[in-house]
K.L.:
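Quick one: the structure is below, and I'll ask about it shortly.
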Amino acid sequence: MQLTETLRRERTLSDEGFRYLIESETAGAPLAEAADAVRRHVYGTDVYIRGLIELTNYCRNNCYYCGIRAGNTALERYRLTKDDILACSREGYALGFRTFVLQGGEDPRLTDAFLTDVVRSLKAEHPDCAVTLSVGERSAESYSRLREAGADRYLLRHETATDEHYRRLHPDSMSLQNRKTCLWELKRLGFQVGSGFMVGSPWQTTDNLIADLRFLEQLQPDMIGIGPFLHHADTPFAGFPDGDFERTVRLISILRLMFPYALIPATTALGTIRPDGRERGLAAGANVVMPNLSPSDVRRLYTLYDNKIATGAEGSEGLGSLRRRIADAGYRVVTDVGNARRTADCT
Ligand code: SAH
């Protein structure tokens, strides 16, 4: 297919080209094939695993889509202690994880003092591991302290790059401008930065998705996480339909062709909406999976959306079966730190 080939060669397209690939169901197969070829050229069949530790489900924000929003009074809240986090990481290390992703709501108790202490302890205990943080919007000084403490990477999805759409997904206290400022600051500080967006969030148009791709072209992130919007019963968006699975997979392929070297996860949301979602994501260009290392009793409480997969191959205890599933899909789980490659010649 001509557009796919142009995208592979140029790593970008006109708005109309992107529009066609995003919207056309028949584009999926050729896109996935081209994206998989690029991914194999840069990364072979390697799939990197990241151990996800869900620090806290307290959050001061009120994003309309998110199940752990402050306004959800139906939710039982928890936060992990430093000892909990270190125990999770030890378990993960023994299983072969070499990257830990500490994610959480914007809990006011996630102070700089707490987080820098946790990061320093993790790096002291596991000097061969990368520490990724995903704890939302903070001040430049705070990010700088976290970097100083040894954090290597930061995940902060921009969610949608269209101002008007952003305002329909978030209360007035939040702004796209601030989120973008955070991302640029994180880059400036030398973090490997991840961003991304939800596919099929309420009122999202194809133009919004094209704007997301254009923003990522500017940002040039090391990691890109996307997944379908999934409704949560105790949010204002309870009645909205979930995002489209095939469209999400096509966007993974588009991103792989735009960013040959990026680390792109087959996300939990993708595995939640379809049982074979993560394998499909890998076959379409994704090269990271993030099994859950959180203590099993809190996993059901970190509910960003309904029906989140939390056991079986999703949990770290199911790593063996996840490895087999990934091997059956034609890829191979590797356990090194897995930095983004920048120098491979991909043309
Ligand atoms: N507080 C952190 C972590 C947020 S949770 C931060 O602000 O970055 C990680 C991601 O989950 C979010 O960035 C969002 O893209 C996604 N998410 C939240 N609610 C969701 C939903 N209902 N459906 C799909 N993805 C969702």
Side-chain angles (χ1 to χ4, degrees), residues 47-59 67-68 75-136 138 142 145-155 191-192 194 223 225 265 267-268 271-272 278 288-304 308-323 333-338:
V47 174
Y48 300 102
I49 51 171
R50 315 303 195 196
L52 182 64
I53 303 175
E54 297 157 335
L55 299 179
T56 171
N57 70 353
Y58 284 87
C59 191
I68 66 167
L75 181 65
E76 187 188 324
R77 303 283 171 167
Y78 79 92
R79 61 172 65 90
L80 301 184
T81 64
K82 176 185 170 186
D83 286 345
D84 293 332
I85 299 163
L86 292 176
C88 293
S89 73
R90 271 172 217 136
E91 207 174 299
Y93 192 89
L95 288 165
F97 288 91
R98 294 296 176 270
T99 296
F100 301 110
V101 180
L102 311 186
Q103 188 179 83
E106 292 195 15
D107 181 346
R109 301 250 193 111
L110 290 182
T111 59
D112 292 348
F114 177 80
L115 284 173
T116 52
D117 181 33
V118 167
V119 170
R120 285 207 172 87
S121 304
L122 273 172
K123 292 296 268 191
E125 220 177 290
H126 308 293
D128 53 337
C129 290
V131 174
T132 306
L133 294 175
S134 178
V135 289
R138 305 174 74 91
S142 172
R145 287 188 195 112
L146 297 172
R147 180 87 185 106
E148 189 99 326
D152 305 278
R153 305 176 178 151
Y154 204 101
L155 305 178
F191 281 97
Q192 293 171 48
M223 303 163 281
T267 53
T268 307
T272 295
R278 280 182 307 189
V288 174
V289 289
M290 299 171 66
N292 200 320
L293 281 179
S294 308
S296 49
D297 55 325
V298 305
R299 278 183 212 166
R300 70 185 170 83
L301 301 175
Y302 196 78
T303 40
L304 308 176
K308 191 185 97 175
I309 45 174
T311 53
E314 168 57 21
S316 54
E317 64 285 340
L319 192 60
S321 77
L322 183 66
R323 272 183 203 279
V333 169
V334 297
T335 52
D336 59 282
V337 166

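Predicted model, so just to flag it, every value in this text is computed and none were measured.
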K.L.:
Testing I85, T132, V135 one by one against L102 for a side-chain contact (heavy atoms from CB on, under 4.5 Å), which residue passes?
P.N.:
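Among the candidates, only I85 passes.
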K.L.:
If you compare all heavy atoms of R138 against all heavy atoms of L110, which two are closest, and at what distance to 0.1 Å?
P.N.:
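Of all heavy-atom pairs spanning R138 and L110, the closest is NH2-O, 2.8 Å.
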K.L.:
Any side-chain heavy atom of K82 within less than 4.5 Å of one from S121?
P.N.:
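Sidechains of S121 and K82: in contact.
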K.L.:
What closest approach, in Å, do R300 and E76 show between heavy atoms, and which atom pair accounts for it?
P.N.:
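Of all heavy-atom pairs spanning R300 and E76, the closest is NH2-OE1, 3.7 Å.
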K.L.:
Less than 4.5 Å apart, side chain to side chain, heavy atoms only: is that true for V47 and R278?
P.N.:
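They are not in contact (no side-chain heavy atoms under 4.5 Å apart), so the answer is no.
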K.L.:
If you take all heavy atoms of T116 and A113, which pair is closest and at what distance?
P.N.:
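Distance-wise, the nearest heavy atoms are OG1-O, 3.2 Å.
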K.L.:
Does R77 have any side-chain hydrogen bond (donor to acceptor under 3.5 Å, both in side chains) partners at least two apart in sequence or in another chain, and if so, which?
P.N.:
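For R77 there are no side-chain hydrogen bond (donor to acceptor under 3.5 Å, both in side chains) partners, ignoring immediate neighbours.
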K.L.:
Within the 4.5 Å heavy-atom criterion, are S294 and C88 side-chain neighbours or not?
P.N.:
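No, too far: nothing below the 4.5 Å cut-off.
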K.L.:
Which heavy atom in A151 sits nearest to a heavy atom in R147, and how many Å separate them?
P.N.:
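Reported closest heavy-atom pair: O-NH1, 2.7 Å.
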K.L.:
Among Q103, K308, E54, exactly one meets side chain to side chain donor-acceptor pair (under 3.5 Å) together with Y302. Which residue is that?
P.N.:
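Only one option passes, and that is Q103.
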K.L.:
Can you name the one residue among D117, D152, D128 that meets salt bridge (charged side-chain N to carboxylate O under 4.0 Å, His left out) with K123?
P.N.:
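When salt bridge (charged side-chain N to carboxylate O under 4.0 Å, His left out) is applied between K123 and each of D117, D152, D128, only D152 qualifies.
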K.L.:
Looking only at heavy atoms, what is the nearest atom pair of G136 and Y154, with distance?
P.N.:
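Closest approach of G136 to Y154: O-OH, 2.7 Å.
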K.L.:
Side chain to side chain contact (heavy atoms under 4.5 Å, CB included), that's the test. Do D107 and L55 meet it? Break it down for me.
P.N.:
CA-CA 9 Å; D107 181 346; L55 299 179; over 6 Å; no
